[in-house]
Structure formats: structure tokens, C-alpha cells
Amino acid sequence: MTASEYNKCVDLHSHAIFRFAMKKMRNVDDAKEIVQMSFEKLWMKHQTVAFETAKSYLFTTAYNTMIDGWRSQKTTTGLEFAENSVEAEGTIEYTGTMEIIEKALQRISEIQKTVILLRDYEGYSYDEIGEITGLNAAQVKINIFRGRQALKEIIGNPNNLI
Amino acid sequence: MKQFEITEEQEWQLFELLEGNLSTEEATTLHKVIATDPALAYHYNLLKQTYSSAPELLFPNTNSLKKQAKNKHLTLWLFSAAAAAIALFLIYQPIQNLNPIPKKSPVLADGIEKTKTTEQTTVDHNSINNQATGVKISPSNQNHTVRLNPRRTSKKQTTGFTHPLIIATNDFHSKTENPDQNKVLTNSKLGNNSSNNTSNLIAQQGALEPTKNGNETTQTNASNNNNMNGNETPIRPSLKQKNPINAATRKTGFALAKSFYNDGKTMIQKGHLPHVNIKARDKSNSLLPTIEMGLRLENNVIMASFNH
């Protein structure tokens with residue numbers, strides 16, 4: 001990939017990566033950092049990564065970066081972080097379906113959330129999501145199904161969020 | 001919600017429908033079933049709400065992520081130019097106030113043609129006794145001849161890349177003032193220490209070695225030798241030192257850089273305007289290619305002023 005192709009990738013995919021990271025991290029600064037790290041890694045490997053596969057590489061890198069971040073965060077702040085999250089959620093009033101879905105996405109597992117976001121936001125196929133997450137197509141499909149079932153239960157009864 | 005319970009198989013059918021995995025016929029049939037089954041319609045509507053579209057989130061300042069392509073040739077050119085500038089600065093700066101450069105070198109004026117035509121040149125004492133070389137030879141040795149190293153006088157060598165002029169520019173003044181060295185290097189038959197400065201210079205560099213029958217270091221050609229002294233034996237290059245230039249320049253990188261600097265300094269002190277050659281030796285992908293640096297006089301003539 002040339003420098004101009006890399007810059008084209010920035011124009012094409014930076015917003016998508018940012019949305020994906022934003023939904024997962026729920027923090028603007030963290031999402032920005034994820035995007036910057038992903039593109040830095042792409043630039044470091046730009047001579048070996050083809051332009052056609054750059055989007056998949058970026059999402060994979062962003063996903064792995066987030067996973068690494070969560071792992072390190074769990075080891076450092078573990079219980080304290082979880083308690084604060086529960087307290088914060090208890091004070092929220094849910095008014096619209098979108099807001100409920102936003103909150104429900106935080107209740108399902110990370111892998112279910114990831115595959116649903118990649119499916120809905122980016123329109124990836126099961127195979128492409130599998131390449132990013134390291135799962136096979138069948139596992140991706142099952143995770144999407146179970147994630148949507150969990151979301152459906154929450155939407156049908158928003159009290160489940162409390 | 002219990003009144004709208006459906007089986008897991010029906011859940012999968014609704015899921016496949018919304019995922020777009022069913023064919024047109026299967027989708028049409030299922031839509032008809034959903035229209036007639038309230039439980040299926042209820043779950044279909046709930047499941048449909050889980051499909052969200054991408055929010056309007058944009059990454060701020062995408063330009064900060066972009067990179068500029070590096071121009072390899074421009075980088076190489078800039079590197080070479082910087083190296084040349086540094087080399088010139090190092091050479092000129094320390095001595096620019098001590099010895100201003102004359103507009104035209106007196107040595108070069110008549111020295112160029114001579115160096116091209118012959119390997120053995122009769123010493124012209126008038127040209128030796130010039131300010132550029134500082135060598136003074138007494139009139140008693142006017143027929144004395146000096147054999148020049150063919151490498152330094154060949155056209156190929158003078159027009160090509162040359163690196164450092166160690167033989168031509170070593171500080172022989174201080175060495176010739178050494179009485180011990182003069183004793184070894186002086187032609188005893190002539191009895192004049194100052195007469196053999198030209199050969200001293202060569203001998204100091206290992207080009208010549210004393211003959212077995214004396215301490216003479218002057219190498220003469222046969223015809224001129226008779227004019228000077230019939231008993232004198234010409235001095236031949238040592239077998240171990242057939243290539244005095246290579247032997248003299250076989251140094252470390254630091255020593256080469258030091259001699260490069262000293263050569264340039266000496267050339268300017270002697271009234272020449274050295275040219276600095278920069279040549280990229282390694283033109284691979286490296287952004288910092290290996291370069292060679294050398295000094296030339298004007299008109300591609302190496303300074304070998306002692307033979308004029």
C-alpha cells in the first residue's frame with residue numbers, strides 16, 4: 001500500500017473505526033486513541049497490507065487493541081470499576097427505544113456486542129466478522145442470534161436493565 | 001409476554017428472515033404466517049428493533065492520521081548536500097583567516113601537462129622552489145631525477161575518484177627537519193641533506209627503501225643517474241610495498257576521515273582550491289546511504305607538487 005492509498009484509507013475508514021470504538025468504549029478520548037493506534041499500526045505495516053484488506057486489518061487491530069485495554073483495565077481497577085458502573089446505570093431513566101438498545105448493548109457479552117456492531121454498522125458478512133474476531137462463520141452467526149435474543153428480551157421488558 | 005411465546009425454531013426463522021438469509025419465496029411465505037400469527041408478529045417487531053443503523057459519529061481531524069510520502073531521491077540528494085556542506089565547512093573554517101586562498105594556483109599552471117606525459121620526470125628545481133610546496137632543493141642536485149608513483153600520475157587515477165592524498169600532502173616539513181631522518185634519507189654521495197626532500201617525501205611513505213650498498217633513498221633512472229653519479233644504484237620499491245598508496249591508505253574509518261580533513265587543510269594552505277567529491281556507494285533502499293568522499297584539485301589534478 002502506498003502512502004496515498006493509506007491516506008485514502010484514512011478518509012474511507014476512520015469514521016467507521018471511530019464509531020465502532022465509540023460504541024465499544026463509550027468514551028470519546030478512548031475511541032480516538034483506538035483509532036490513532038489502529039492507523040499507526042496500519043502505517044507501520046503499510047508495505048505488507050494491501051489496500052483491499054486495509055479495512056479488515058483496521059477493524060481487527062482496533063478490536064484487539066480494545067481487548068488488550070480491557071484486560072489491563074480489569075487487572076488494575078476490576079471491582080471498583082464494576083461497582084461504579086452499576087451505580088451509574090441505576091440512576092438512568094430510559095425514554096426511547098434507541099436509548100434502551102444503547103444501554104442493552106452494554107449488558108450483553110463483548111463478543112455478541114462486537115459481532116452485532118460489525119454486522120449492523122459496517123454490514124460485514126459472517127466470514128468477514130470471523131476474520132476480525134477470530135471466530136468461524138457459524139460461531140459468528142450464533143453469537144449474533146444470541147445477542148439479538150438478549151436485546152429483544154431487554155427491549156420487551158426495559159425493567160431488566162435495572 | 002407468556003401469551004406470545006414461540007418456539008426456538010420460530011425464533012431462528014424470524015432471525016433468518018431479518019438477516020436476509022431466506023430466499024424470496026421463503027420470505028414471502030413467512031411474512032404471510034407472521035401476518036396471521038400475533039405471537040410471531042410480536043416477536044418479529046421486537047427483533048426488528050435490535051437492528052440499528054450506524055450513528056452519525058465522525059472522527060474529528062482525520063488529517064492528523066494522514067502521512068506524507070517520503071521522496072527517496074530528495075532525501076538522498078539532501079543527505080549528500082549536507083555532507084558536502086559539512087565537509088567544506090570543516091576544511092575551510094579553521095584556516096580561512098590564516099592563509100587566504102590565492103586566485104590561481106602557481107603549481108597547477110605548469111604541473112598538469114607534466115604529470116600526464118611521463119612517469120619519470122626530471123626534477124625542475126625552479127618549480128619545486130615554490131611557495132606551494134615549501135620544498136627547497138639546492139642547485140647542486142639539479143639533474144637529480146625522481147620516479148613518481150604511476151598511480152598518482154596516470155590519467156585514470158587523476159580523473160577518477162581519489163581518496164585522500166596522503167602521500168602528496170603529509171607533513172614532510174617537520175620530518176625533513178629531523179636530523180635522524182635526514183641521515184637516512186640523504187644521498188651521502190651528494191652530501192647535501194636538503195637536496196633530497198623530494199625523495200624524502202616518497203621514502204617517508206614507504207614507496208622506496210634504501211639500497212643495500214648505502215643510505216641513498218633517491219631513485220634515479222639509468223640515464224640521469226650517470227649524469228649525477230656513476231656509482232649510485234637506483235632504489236627499487238620494496239616487494240612488500242609495491243603499492244605504496246594502498247599501503248598508506250589502508251586505515252580505519254576514523255583515520256581516513258582525519259586524513260581527509262588534513263589533506264583538505266594542507267591543500268588550501270598550499271594555495272589550492274580542493275574539490276570535495278561526494279559519491280553515493282550504496283543506492284539501495286536505505287535512507288542513509290554509504291557515501292565516499294574525496295578531494296581533487298582544480299582540473300582533476302591531484303596535488304603532487306614535489307615532482308614539478
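The shown structure was predicted, so the numbers you read here are calculated from the model rather than taken from an experiment. Lettering follows sequence order; numbering is per chain, from 1.
- Ring centers of A:Tyr6 and A:Phe51: at least 6.0 Å apart, outside the cut-off.
- Close approach to chain A, defined as a heavy atom under 4.5 Å from one of its heavy atoms, is seen in B:Glu11, B:Trp12, B:Phe15, B:Glu16, B:Glu19, B:Asn21 of residues 9-21 of chain B, taken by number.
- Chain B forms the most heavy-atom pairs under 4.5 Å with one residue out of A:His46, A:Glu40, A:Met22, and that residue is A:Glu40.
- Side-chain atoms of A:Lys152 and B:Gln49 form no donor-acceptor pair, as typed in the model, at a separation below 3.5 Å.
- Side-chain atoms of A:Arg148 and B:Tyr51 form a donor-acceptor pair, as typed in the model, at a separation below 3.5 Å.
- Most heavy-atom pairs under 4.5 Å with chain B: of the set A:Leu151, A:Asp120, A:Asp11, A:Thr2, this distinction falls to A:Asp120.
- Taking the ring centre of A:Tyr124 as origin, the terminal cationic atom of A:Lys55 falls inside the region bounded by 6.0 Å and 45° from the ring axis.
- A side chain to side chain contact (heavy atoms under 4.5 Å, CB included) with A:Thr60 holds for exactly one of A:Thr65, A:Thr133, A:Ile132; it is A:Ile132.
- Contacts between A:Glu122 and chain B at a heavy-atom distance below 4.5 Å are absent for every atom of the residue.
- Among B:Thr50, B:Asn45, B:Thr62, B:Asn63, the residue with the largest count of heavy-atom pairs under 4.5 Å with chain A is B:Thr50.
- Within the 4.5 angstrom heavy-atom criterion, atoms from both the backbone and the side chain of A:Ile144 approach chain B.
- The nearest pair of heavy atoms linking A:Ile34 to A:Ala62 is CG2-CB, 3.8 Å.
- Nearest approach of A:Asn136 to A:Gln139, heavy atoms of both residues: OD1-N, 2.7 Å.
- Ring pair A:Tyr121/A:Phe20: centre-to-centre distance not below 6.0 Å.
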